Amino acid sequence: MDFREVERRWQRRWKEARVFEPEVSERKKFFITVPYPYMSGSLHIGHGRTFTIGDIIARFKRLEGYNVLFPMAFHVTGTPVLAIADAIRNGDERVISLYRDYVRIYEDDEKKIEEIVESFKNPENIARYFSEKVIEDFRSMGYSIDWRRRFNTAEPIYNRFVEWQFKKLNERGVIKKGKYPITFSPEDGNPVGEDDIEDGDTNKVTIMEFTAIKFRYEDGYLVAATLRPETIFGVTNLWINPHGEYCRVRVGDEIWYISREAAEKLKYQKENVVIEDCMPGKNFVGKYVKEPVDGRDVPVLPAEFVDVDNATGVVYSVPAHAPYDYQALVDLKKNREYLRELGLSDEIVDRIEPIKIIDIKGYELPARDICERMGIEDQRDPRLEEATQIIYKDEFYSGVLNEKCGKFAGIKISEIKDEVKTWLKDMNMGDVFYETSRKAVTRNGHKVIVAVLQEQWFIDYSLQWWKDLGHKATDRMLFHPEKYREMMHGIIDWLNRRPCARKRGLGTRFPWDREWIIESLSDSTIYMAFYTIAHLIRESNIPAEKLTEEFFDYVFLGRGNAEEVSKRTGIEKDTIERMRSEFIYWYPNDLRHTAPAHMSNHLAFFIMHHVAIFPEEHWPGGISLNGLMIREGAKISKSKGNVIPLAHISTRYGVDLFRLYCAVAADLDTVMDWKESELSSLRKRFEKFVSMLEESVNSEGIEEDQMNHYDRWLLSRFYRRYRDSIEMMRSLKIRDAMLNMIFHFSNDIRYYEKHAGEERRRRIMRNVIEDLLKIISPVVPHVAEELWHMLGHDSFISLETLSAPRHDLIDDRIEREMEYVDSLISDIREIIDVAKIEPKKIYIYTAEPWKWEIFRAIKDSSPKTAIRDAMNAGVSVDKGEIVKFVKRMLKEKMGYFEIDERSVLEREKDYIERETGAEVIIDSSYDPKAKKKLALPLKPAVYIE
RNA sequence: GCGGGGGUUGCCGAGCUAGGUCAAAGGCGACAGACUCAAGAUCUGUUCCCGUAGGGGUUCGCCGGUUCGAAUCCGGCCCCCCGCACCA
């Protein structure tokens with residue numbers, strides 16, 4: 001078979017006959033989506049896996065009788081396409097050569113390639129060029145996509161849809177504007193992402209929220225930052241670095257004293273921050289500040305461990321619970337000379353005693369206890385970090401605030417921490433100060449700090465009602481593999497406020513603030529709804545302006561009426577009604593197939609946005625996922641140079657072969673390793689399988705009354721596999737189904753041929769070929785279509801429906817008999833091998849009838865009652881013999897199944913002789929080694945000479 | 001750190017949600033035989049260890065437990081992978 005020719009022919013005919021363009025009908029429907037690809041380049045085999053699996057599912061659903069919609073569109077919003085166009089415009093050689101390579105996949109003429117890449121200076125051309133190519137690529141992969149419904153995410157009609165989405169979200173009160181902390185580089189004046197940070201990929205930088213507590217000092221506050229605001233009740237003093245530089249800072253109408261570094265950072269976190277004047281840290285030493293809760297006076301003391309470049313550069317001391325504080329205090333008390341140098345009296349430190357505010361089992365005074373246990377003797381000891389971690393963890397989970405903590409007394413830290421924080425803020429005793437989790441610089445060596453965006457639009461996923469709905473949907477949906485359901489629950493819990501607008505990139509303008517562009521993950525959440533009407537918008541040539549809020553309200557939510565909407569928008573009433581019914585018919589999206597990488601963003605938003613906007617009956621039906629594809633053990637990436645473009649599949653491998661490989665190489669949820677060697681061995685086996693099928697096309701099947709025992713065996717095997725495979729496909733065990741139907745069944749065929757010969761194999765295969773082709777057609781549609789037509793059908797197998805499995809042909813007995821013979825043959829082989837015999841004659845002895853009687857009697861017995869049951873079977877044989885026999889049977893763990901051993905052996909005598917190369921004699925009275933008595937039911941005794 | 005997943009015989013990889021029929025599917029690799037002048041391809045067999053009669057022994061990350069019986073259930077430990085937001 002000329003696979004390439006076959007692929008092209010059927011792709012052409014599918015297109016001509018519009019077989020994958022489903023219409024609204026009475027039939028049950030199935031709406032499957034695979035996320036649209038991002039159009040910044042061409043797609044490769046790795047992407048191909050996901051789309052291929054999606055297509056296999058779509059095609060299988062058609063076989064099950066569903067009216068299947070599988071649409072596709074193109075994602076172009078966001079910054080990457082823009083960035084690429086910029087780079088090409090700026091003559092960035094790396095990018096230009098990368099894009100030359102991409103274009104070279106499709107074009108031969110170097111001049112033309114140059115022209116095309118030149119045109120990429122305009123980002124729209126990039127999107128357009130690759131969209132067109134992807135359509136070709138997907139067609140060449142045989143994907144059963146309805147292309148009438150395609151669109152790209154930068155089109156005006158789609159922008160209108162995204163605007164509508166945001167208006168609906170706003171109705172629900174989840175679109176908010178406010179402050180938002182991000183990592184930021186003051187020198188670059190830009191936000192920095194993980195990619196921009198030195199070692200950001202390996203050593204993550206997260207944003208920590210410190211509570212800044214205001215201690216009254218002179219005309220303002222000395223502001224100390226802490227991650228443990230609940231310890232404020234145990235504060236004994238403040239620590240300041242005497243060598244640091246501290247500033248008087250005007251923050252709104254307050255005066256704060258913090259380190260210079262902190263002041264610089266604060267400018268990016270609060271409005272109206274002005275540094276007024278700076279002084280050395282030691283100026284503060286020995287002064288007293290007022291602790292805000294009880295108004296106690298506490299001293300400011302010097303400490304070397306205080307880092308002016310961490311948070312506010314001022315920390316408060318809780319020596320009872322913080323190892324650093326405890327140790328610093330101990331050091332200070334020991335070091336009188338140092339005190340004098342700084343002009344401090346002994347008394348100021350001697351008066352300080354740790355205030356214990358947390359009760360916890362196993363500690364008397366936690367900070368002291370841990371320092372003593374670890375043998376820490378100095379505040380510069382690096383193990384203090386570890387000690388802090390230990391105390392923090394223990395206190396957090398099992399510590400309880402004691403009577404010194406006012407209204408928080410008696411509550412566990414883990415339960416009260418956030419409340420203390422809010423309380424401090426509400427009482428204006430505290431504020432928030434953000435700091436990075438570690439000192440970080442950008443790749444150009446610029447300092448990374450936390451900035452707070454003051455006017456950021458975001459979607460507030462933290463709302464409880466919303467999360468509740470998300471969980472509810474997650475509980476009802478289908479997840480495959482099932483383990484992702486748990487993960488989704490976790491992700492929904494973790495979701496928080498998320499910025500949804502940016503200043504740059506392609507996309508939809510923010511409806512209430514045209515300077516902003518809706519961020520491109522937020523515009524790709526409920527777009528499956530848009531597929532249901534996209535082709536009608538185009539068909540009727542409806543301009544984007546007419547796609548108003550009330551239009552979408554009616555079509556997607558059934559609000560208002562068509563008459564009115566038609567009048568207001570000028571869109572034909574019929575068209576509007578048609579769109580409404582199209583949406584009603586196809587929605588919800590029954591299955592979304594994609595890769596697990598999208599769980600925490602796309603898929604979570606997919607669920608959340610649906611539950612916020614749509615009524616329950618239109619919530620997502622399910623999510624299925626397949627793992628990554630790697631190649632020869634390595635990640636597939638342009639920089640590794642191991643990319644195989646999707647466009648090369650057809651010529652280099654063959655599309656059906658690729659599809660089959662995707663189906664069988666790995667289970668859906670595991671990583672698939674593309675190995676050239678496996679692929680070539682798969683090709684050989686597949687080609688052989690196909691030509692074996694071709695041989696049967698013109699053969700005549702075998703009538704049922706003409707069938708022999710081997711024919712029935714093969715049909716039994718086939719329909720058992722066919723029945724099982726349908727179930728496997730239903731539960732998306734595509735790999736198991738195909739291994740079963742193609743490879744395991746091939747072994748059956750080979751076995752059959754050994755018994756019945758090649759000619760008869762061709763004929764018996766004609767009996768099953770149509771059902772076989774159907775079940776494998778989702779995976780290898782071109783070959784299946786070709787053979788289907790060779791068999792004389794005019795219909796498309798792609799639109800056929802599965803026949804019910806022939807349960808009447810599944811015959812346990814006949815299969816057991818063959819197993820029996822084969823296990824006997826392998827026993828004989830083993831004996832020959834172990835005993836090193838040149839076999840001439842093989843004597844086979846079947847078990848005596850009384851053994852069968854007992855076998856029958858104990859078939860349902862437990863091991864404990866088997867002997868008793870055997871005794872009661874009424875067999876007149878020596879009791880000792882019976883016990884010995886039953887014990888052996890128990891050991892063999894033989895499953896009960898009754899066959900007439902002797903007649904099976906007689907029938908298969910020739911076969912056994914052929915396989916063993918010796919003469920076979922059954923139940924002879926010649927028994928020189930007294931083997932017969934060793935025979936068990938289903939396990940004959942053997943003597944070889 | 002938080003959340004999710006996993007460690008299986010030379011390698012890859014099923015089985016482990018419903019414990020026994022599991023020395024454990026399948027593929028790759030290796031070995032032997034058939035075919036061939038030869039190579040390749042194909043087919044057949046073998047591929048944890050021992051064994052001159054179909055048997056025995058030791059395995060499924062480590063330690064322990066439940067059970068007549070565990071790769072499969074429970075507890076602890078070690079190791080590995082993935083995601084963690086303003087980025088598609």
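Naming convention: chains lettered A, B, ... in sequence-line order (proteins, then strands); numbering from 1 in each chain. For clarity, every value in this text was computed on a predicted model and none was experimentally measured. The analysis underlying the following values was restricted to heavy atoms, covering all of them including side chains, and did not include hydrogens, waters or symmetry mates.
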Item to check | Interatomic distance where OH belongs to A/Tyr943 and P belongs to B/A53 [whole Å] | outcome: 13 Å
Checklist entry - Looking at A/Ser600, does any N or O in its side chain come under 4.0 Å of the phosphate oxygens OP1/OP2 on B/A85? => result no
Item to check | Spacing of A/Tyr661 atom OH relative to B/G26 atom P, expressed in whole Å | outcome: 19 Å
Next on the checklist: Under 4.0 Å, counting only non-hydrogen atoms across every strand here, what does A/Glu486 touch: a base, just sugar-phosphate, or nothing?
Outcome noted: nothing
Checklist entry - What are the two closest non-hydrogen atoms of A/Thr846 and A/Glu901, and how far apart are they? => result CG2-CB, 3.8 Å
Checklist entry - At under 4.0 Å between heavy atoms, what does A/Thr79 touch on the DNA or RNA strands: base, sugar-phosphate, or nothing? => result sugar-phosphate
Next on the checklist: Under 4.0 Å from OP1 or OP2 of B/A88: is there any side-chain N or O of A/Thr77 that close?
Outcome noted: no
Checklist entry - Phosphate oxygens OP1/OP2 of B/A88: is one of them under 4.0 Å from a side-chain N or O of A/Ser520? => result yes
Checklist outcome for this item: Re B/U58: Watson-Crick or G-U wobble partner, both distances kept under 3.5 Å, found to be none
Item to check | Rounded P spacing from B/U72 to B/C16 in Å | outcome: 12 Å
Checklist entry - Does a donor on one side chain sit under 3.5 Å from an acceptor on the other, for A/Asn747 and A/Tyr752? => result no
Checklist entry - What is the base-pairing partner of B/U52, counting Watson-Crick and G-U wobble geometry with both distances under 3.5 Å? => result none
Checklist entry - If we take the P atom in both B/G10 and B/U44, what is their distance in whole Å? => result 26 Å
Checklist entry - Where does the angle between the aromatic ring planes of A/His598 and A/His602 fall among parallel (under 30°), tilted (30 to 60°) and perpendicular (over 60°)? => result perpendicular
Checklist entry - Is the side chain of A/Lys467 donor-acceptor paired with the backbone N or O of A/Ile492 at a distance under 3.5 Å, no angle test? => result yes
Item to check | B/G29 versus B/G13 - spacing of their C1' atoms, nearest Å | outcome: 14 Å
Next on the checklist: Here's a test of your reading of the structure: between A/Tyr484 and A/Pro181, which maps to the more 5' nucleotide of RNA chain B?
Outcome noted: A/Tyr484
Checklist entry - If we take the C1' atom in both B/U9 and B/G27, what is their distance in whole Å? => result 15 Å
Checklist entry - Between B/C84 atom P and A/Leu521 atom CG, what is the distance in whole Å? => result 11 Å
Checklist entry - Less than 4.0 Å between a side-chain N and a carboxylate O, is that true for A/Lys177 and A/Glu455? => result yes
Checklist entry - NA contact type, A/Ser437, heavy-atom cut-off 4.0 Å: base, sugar-phosphate, or nothing? => result nothing
Checklist entry - Reckon A/Arg685 touches a base, only the sugar-phosphate, or nothing at all at heavy-atom distances under 4.0 Å? => result sugar-phosphate
Item to check | Check: A/Ser462/A/Arg497 side-chain N/O donor and acceptor closer than 3.5 Å | outcome: no
Item to check | A/Glu676 versus A/Tyr653, side-chain donor and acceptor atoms under 3.5 Å | outcome: yes
Item to check | Spacing of the P atoms in B/G1 and B/U67 (rounded, Å) | outcome: 35 Å
Checklist outcome for this item: With the side chain defined as heavy atoms from C-beta on, A/Glu519 is closest, among B/G54, B/A88, B/A85, to B/A88
Item to check | A/Arg750 side chain near B/U44 phosphate (N/O to OP1/OP2, under 4.0 Å) | outcome: yes
Next on the checklist: Measuring from the side chain of A/Lys939 (C-beta onward, heavy atoms only), which nucleotide among B/A25, B/A88, B/G55 has the closest atom?
Outcome noted: B/G55
Checklist entry - CE of A/Met208 versus P of B/C2: gap in Å, rounded? => result 14 Å
Checklist entry - Quick one: what's the B/S/- string for nucleotides 29-36 of chain B, heavy-atom cutoff under 4.0 Å, read 5' to 3'? => result --------
Next on the checklist: Could you check whether A/Tyr661 and A/Phe658 have their ring centres less than 6.0 Å apart?
Outcome noted: no
Checklist outcome for this item: Mate of B/C11 across any strand shown (Watson-Crick or G-U wobble, both atom pairs under 3.5 Å) is B/G27
Checklist entry - Within the structure shown, what part of the strands sits under 4.0 Å from A/Ser522 by heavy-atom distance: base, sugar-phosphate, or nothing? => result nothing
Checklist entry - Any donor-acceptor pair under 3.5 Å linking the side chain of A/Thr670 with the backbone of A/Asp667? => result yes
Checklist entry - If you look at every strand shown and take non-hydrogen atoms under 4.0 Å, does A/Ala666 touch a base, only sugar-phosphate, or nothing? => result nothing
Next on the checklist: Expressed as a whole number of angstroms, how long is the span from A/Lys929:NZ to B/U52:P?
Outcome noted: 15 Å
Item to check | Span that lies between the C1' atom of B/C49 and that of B/G3, in whole angstrom | outcome: 44 Å
Item to check | Gap between atoms NE2 and C1', on A/His598 and B/A88 respectively (whole Å) | outcome: 8 Å
Checklist outcome for this item: Closest to the 5' end of RNA chain B, once A/Phe743 and A/Ile944 are matched to their nearest nucleotides, is A/Phe743
Next on the checklist: Roughly how many Å apart are B/C22 and B/A70, using the P atom of each and rounding to a whole number?
Outcome noted: 16 Å
Checklist outcome for this item: Quick note, A/Trp494 side chain, CB onward, closest among B/C84, B/A88, B/G4 is B/C84
Checklist outcome for this item: A/Arg498 has its side chain closest, among B/C87, B/C12, B/G5, to B/C87
Next on the checklist: Using Watson-Crick or G-U wobble geometry with both distances under 3.5 Å, which nucleotide pairs with B/C16?
Outcome noted: none
Checklist outcome for this item: Taken in chain and number order and not counting sequence neighbours, the residues that satisfy salt bridge (Lys or Arg N to Asp or Glu O under 4.0 Å) with A/Lys932 are A/Asp923
Item to check | Gap between atoms CG and P, on A/Asp667 and B/G27 respectively (whole Å) | outcome: 16 Å
Next on the checklist: Under 3.5 Å for both donor-acceptor distances, Watson-Crick or wobble: does B/G75 have a partner, and if so which one?
Outcome noted: B/C63
Item to check | Distance, rounded to the nearest Å, where A/Tyr751 contributes OH and B/U44 contributes C1' | outcome: 14 Å
Next on the checklist: With a cut-off of less than 4.0 Å, is there a side-chain N or O of A/Lys688 near OP1 or OP2 of B/C43?
Outcome noted: yes
Next on the checklist: Heavy atoms only, 4.0 Å cut-off, all strands: where does A/Pro37 land among base, sugar-phosphate and nothing?
Outcome noted: nothing
Checklist entry - Partner of B/A34 by Watson-Crick or G-U wobble geometry, both contacts under 3.5 Å, or none? => result B/U42
Checklist entry - Is the gap between the ring centers of A/Tyr461 and A/Phe605 under 6.0 Å? => result yes
Item to check | Residue matched to B/C84 through Watson-Crick or wobble contacts both under 3.5 angstrom | outcome: B/G1
Next on the checklist: When the C1' atoms of B/G15 and B/C60 are compared, how many Å lie between them, rounded to an integer?
Outcome noted: 10 Å
